[in-house]
Amino acid sequence: MKDSLNTLFRELNPEQQKAVEETEGPVLVFAGAGSGKTRVLTYRIAFILKEQKASPWEILAMTFTNKAAGEMKNRIQHFGDKNKNLWIGTFHSIFAKILRWEAGLLGYSPDFVIYDADDKERLIKTIMEDTGIPLQNYNPRSISESIGRAKNGLVSPESFIASINTPFQEVVSRIYPEYQNRLRINNAFDFEDLITVPLRLFSENPEVLEKYQRRFKYILVDEYQDTNKAQYRLVYQLAKKHRNLCVVGDDDQSIYRWRGADVRNILEFEKDFPDSKVFKLEQNYRSTQTILIVANSVVEKNAARKAKKLWSAKEMGEKVDVIETADEREEAQKVVEKIKEEVFRKKRTFRDFAILYRTNAQSRALEDDLRRSGMSYIIVGGVRFYERKEIKDILAYLKIIVNTKDSVSLKRIINFPLRGIGDSTTQKMEQWALERGLHLFESIRRIKEITDIPLRIQKNISNFYDLIQKYISLKSKISPNELVRTLVDEIGLMTMYKQDPSIENQSRAENIREFLAAVSEYVDSSESPSLSEFLEQVSLITDVDAWDDKSNAITLMTLHCAKGLEFPVIFITGMEEGLFPISRSEDEPEALEEERRLFYVGLTRAKEKIYLSWAEKRRLFNESYFRLPSRFLDELDSSCVHKMKPHPRKHVKFTSNDFKQEVTYTCDTHPDYESYSQEVDPYRCGTRVHHQTFGKGKIVSVEGKGKKKKVVVRFDSGGQKKFLVQYAQFEIL
DNA sequence: GGCAATAGGCTTTTT
DNA sequence: GCCTATTGCC
């Protein structure tokens, strides 16, 4: 171990080495993209162990993704295989583990299940139905998000009620306390709970907090800029005793503000810990100089950031190519063309490429073309595997077997596959349970006592009860693997899907097979496999975690997903106003800065070459829209950019379809369209208008025709608003 | 209670 | 354009 440490120490630059050796007291490491952040973290742990400052189980290292945690674990294994007992994991998995141990103190049993966004929404819907809040007026998802935001910001149901400003918040304030109540009844936690409940646990039980404070002599936090208020408090609490806290992050890569992440946590670390040591890692080992110049030129436009400048000892490298295309199909073609060129010219292979985009929906056009060209690709993200309906159905069975109190899962499967227990019956049973303060599962067990359910249906219910009961008793006798296979077989899922030869059912059957394989894999890899541990793993996994760089394929994913990864060649597609930066960020400077950081993250994924592309016309939802190039393209250091002119278009052809569609056209860049247009209409892009209330402005987009015609006007005062032309009473200037 | 047809919502990003 | 949830009919 000593040898390998010495060898590797030579690989650290002076700043990295200082950050590794400064083990005592609070330490803040600003680690720019590609500056060897993971290396510093792992060496630091290895160094602490080597100096025998702590035992492995006294070191806690927290990350945001399983992938990052796994990489850290892997690298540390190189230093010695006794390091298995280190506490390395995601925030959520670490605290899920602690919650299992301390569940009793919270009125939970250790078999609790973890609800994902879908379960959460179902529960909220149930509450809305029960409390008579009309689903039509309030969207359960917005309510779920609102509650999530409150929890991340440590706003309790009580304080939420105290700060109501809108009717919507009033509705949320009625649901929020009941939601927490039902979670407890269902013996379930949601994602936010995994962070906020430990905090409550610690504040209500100081002796428990002290136990963990004493245990964790050294605490490390990765991607500190992504912590939210709750996570920050949790870290702060745990580190208070030994004060050996090392946080590593990069404010320029903070891209999860919308999820409650608070950059202030990293920017104000020195305020929270006045005696902290600060290190800045600014040498980038990943990218060419050109790439860093371009990336810096973009992120410098942000006001809220710590001054720093990444540099590289590498060569200048190639310029960034900006590609302008006619529509998203041509964009895809160009990307494919460039990949072919790179493969041919530079002898690159598919795994060298990543195609990034802002929204998952953009992947389709790219996929179509890649498939046509016979190039292998993998999509990371999108519809997550464990969130697919057929998988969630099986998971719901498993959750019930582990925790019969979980009424959300119970309702999901009570009549799936169809067994003659319909909605009205379920409602009767719920009502019966509610009146007696029992769980829904109790109604099922004691179905004979519910006399207003016909005998025939009672029989169906008691069959269902026997089925679940059988697996509950099997749970301790056979492995999760055998149990799941028997279950899938008994409820006839595979036969059900296979019977129908439609593509979607075939792919469902395929997914179930994949799921069964995942269970086997879990059983093989775990020391003491249990159903409940498997469920936890599944709940906390993401698709990036499953991304493996071994297969030789082009990677497609969102910019968010790409964080922490690197590729020789990066494509960032859809560089258009309204898409990137996404339209919702336009009127909020902080959101816009976050978009810019996201762009920065994308750019710094590249080792050698960057292609940026945008399309003049793009299909979104079901309509075509004309587009303007992203403002970010203007922010690139022009000396490092090479603009590729679109193919000379001899005739801009518009099919009759183009005129039938309801399109948004932006005219400044499309004089061609004007000459083809049969409509003489003063309300088009670029027209300056005056509005009674808002003053003077310019039309920036148009949609719809006739009476439905709407325009978006950007006013000189700064704001932007959409109007129905019919009612707006504009004065044309 | 079951099933097929239709309406409606959505697309920013995720542990 | 897709997926899901709801509706209306059997």
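These numbers were taken from a predicted model, which means no experiment stands behind them. So you know, we letter chains A, B, ... as the sequences are listed, proteins then strands, and number each from 1.
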Novice: Closer than 4.0 Å, any side-chain N/O of A/Thr425 to the OP1 or OP2 of B/dG1?
Specialist: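 Affirmative; the distance criterion is met.
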Novice: Please state how far atom CG in A/Asn228 lies from atom C1' in B/dT14, giving the value in whole angstrom units.
Specialist: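 Distance check: A/Asn228 CG to B/dT14 C1' gives 12 Å.
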Novice: Hey, is the side chain of A/Thr359 poking within less than 4.0 Å of OP1 or OP2 on B/dT13, counting only N and O atoms?
Specialist: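 Answer is no, no contact under 4.0 Å.
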Novice: Looking at A/Arg257 and A/Glu588, is any side-chain nitrogen of the basic one under 4.0 Å from a carboxylate oxygen of the acidic one?
Specialist: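 Yes, this pair counts.
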Novice: From the list C/dT4, B/dG1, B/dC10, which nucleotide is the closest neighbour of the side chain of A/Asn139?
Specialist: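 Among C/dT4, B/dG1, B/dC10, the one nearest the side chain of A/Asn139 is B/dC10.
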Novice: For A/Arg264, look at atom CZ and say whether over 12 heavy atoms of other residues, nucleotides or ligands are found less than 6.0 Å away.
Specialist: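 It does not: A/Arg264 CZ has 12 such atoms or fewer within range.
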Novice: Side chain of A/Cys561 only, heavy atoms from C-beta on: which candidate in B/dG2, B/dT14, C/dA5 is closest?
Specialist: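 The listed nucleotide nearest to A/Cys561's side chain is B/dT14.
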Novice: Please pick, from C/dT4, B/dG2, B/dG1, the nucleotide with the shortest atom-to-atom distance to any side-chain atom of A/Lys389.
Specialist: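 Nearest nucleotide to the side chain: C/dT4.
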Novice: Without decimals, in angstroms, what is the distance between A/Glu387 CD and C/dC2 C1'?
Specialist: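 Computing the A/Glu387:CD to C/dC2:C1' distance gives 17 Å.
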Novice: Categorize A/Ile457 for me: base, sugar-phosphate, or nothing, with a 4.0 angstrom heavy-atom threshold over every strand shown.
Specialist: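 The answer is sugar-phosphate, as A/Ile457 gets under 4.0 Å only of primed atoms, P, OP1 or OP2.
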Novice: Using a distance-only test with no angle check, is there a side-chain donor-acceptor pair under 3.5 angstrom linking A/Glu331 and A/Ser613?
Specialist: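 Result is yes, a qualifying pair exists.
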Novice: For A/Gln427 and B/dG1, give me the distance from atom CD to atom C1', rounded to whole Å.
Specialist: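 These atoms are roughly 13 Å apart.
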Novice: Base, sugar-phosphate alone, or nothing: which one does A/Asn66 contact when heavy atoms must sit under 4.0 Å apart?
Specialist: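 The residue A/Asn66 makes no contact with any strand.
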Novice: Output the rounded distance in Å from OH (A/Tyr115) to C1' (B/dT15).
Specialist: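 Answer to the nearest Å: 18 Å.
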Novice: How many Å lie between CG on A/Asp423 and C1' on C/dG8, as a whole number?
Specialist: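 So the CG-C1' distance, A/Asp423 to C/dG8, works out to 15 Å.
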Novice: For A/Thr558 and B/dT14, is the shortest distance between a side-chain N/O and OP1 or OP2 below 4.0 Å?
Specialist: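 Answer is yes, contact under 4.0 Å.
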Novice: Are A/Trp258 and B/dT13 stacked, counting the six-membered base ring, centres under 5.5 Å, planes under 30°?
Specialist: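 Taking the rule of under 5.5 Å and under 30°, the ring of A/Trp258 does stack on B/dT13.
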Novice: Of the nucleotides B/dT15, B/dG1, C/dC2, which one has an atom closest to the side chain of A/Thr90?
Specialist: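 Output: B/dT15.
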Novice: Would you kindly compare A/Ser424 and A/Glu145 by the position of their nearest DNA chain B nucleotide and give the one closer to the 5′ end?
Specialist: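 Result: A/Ser424.
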Novice: Specify the separation, in whole Å, of atom CD1 of A/Ile94 and atom P of B/dT15.
Specialist: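 After rounding, the reported distance stands at 16 Å.
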Novice: Report the nucleotide, chosen from B/dT14, C/dT4, B/dG2, that has the shortest atom-to-atom distance to any side-chain atom of A/Asn360.
Specialist: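 Among the listed nucleotides, the one closest to the side chain of A/Asn360 is B/dT14.
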Novice: Measure the distance from CZ on A/Phe91 to C1' on B/dT15 and round it to the nearest whole Å.
Specialist: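 Whole-Å distance recorded here is 11 Å.
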Novice: With sequence neighbours excluded, what pairs up with A/Glu566 under the side-chain hydrogen bond (donor to acceptor under 3.5 Å, both in side chains) test?
Specialist: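 Counting only residues at least two positions away or on another chain, A/Glu566 forms a side-chain hydrogen bond (donor to acceptor under 3.5 Å, both in side chains) with A/Arg286, A/Lys607.
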Novice: Taking the minimum atom-to-atom distance to the side chain of A/Ala361, which one of B/dT11, C/dC2, B/dT14 wins?
Specialist: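 Between B/dT11, C/dC2, B/dT14, the one nearest the side chain of A/Ala361 would be B/dT11.
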Novice: Given A/Asp118, which of A/Arg412, A/Arg141, A/Lys389 fulfils the side chain to side chain contact (heavy atoms under 4.5 Å, CB included) condition?
Specialist: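 Answer after filtering A/Arg412, A/Arg141, A/Lys389: A/Arg412.
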Novice: With rounding to whole Å, what would you report as the distance between C/dT6 and B/dT11 at their C1' atoms?
Specialist: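 About 22 Å, rounded to a whole number of Å.
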Novice: Before we go on, tell me: are the rings of A/Tyr108 and A/Phe189 under 6.0 Å apart, centre to centre?
Specialist: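 Ring-ring flag for A/Tyr108/A/Phe189: true, centres closer than 6.0 Å.
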Novice: Nearest-Å distance, CZ (A/Arg141) to C1' (C/dC3)?
Specialist: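 So the CZ-C1' distance, A/Arg141 to C/dC3, works out to 11 Å.
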Novice: So what does A/Phe191 touch, heavy atoms closer than 4.0 Å: a base, only the sugar-phosphate, or nothing?
Specialist: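 If one applies the 4.0 Å heavy-atom cut-off, A/Phe191 turns out to touch a base.
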Novice: If you assign each of A/Lys428 and A/Leu598 to its closest nucleotide in DNA chain B, which residue comes earlier from the 5' end?
Specialist: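 Nearest-nucleotide comparison on DNA chain B picks A/Lys428.
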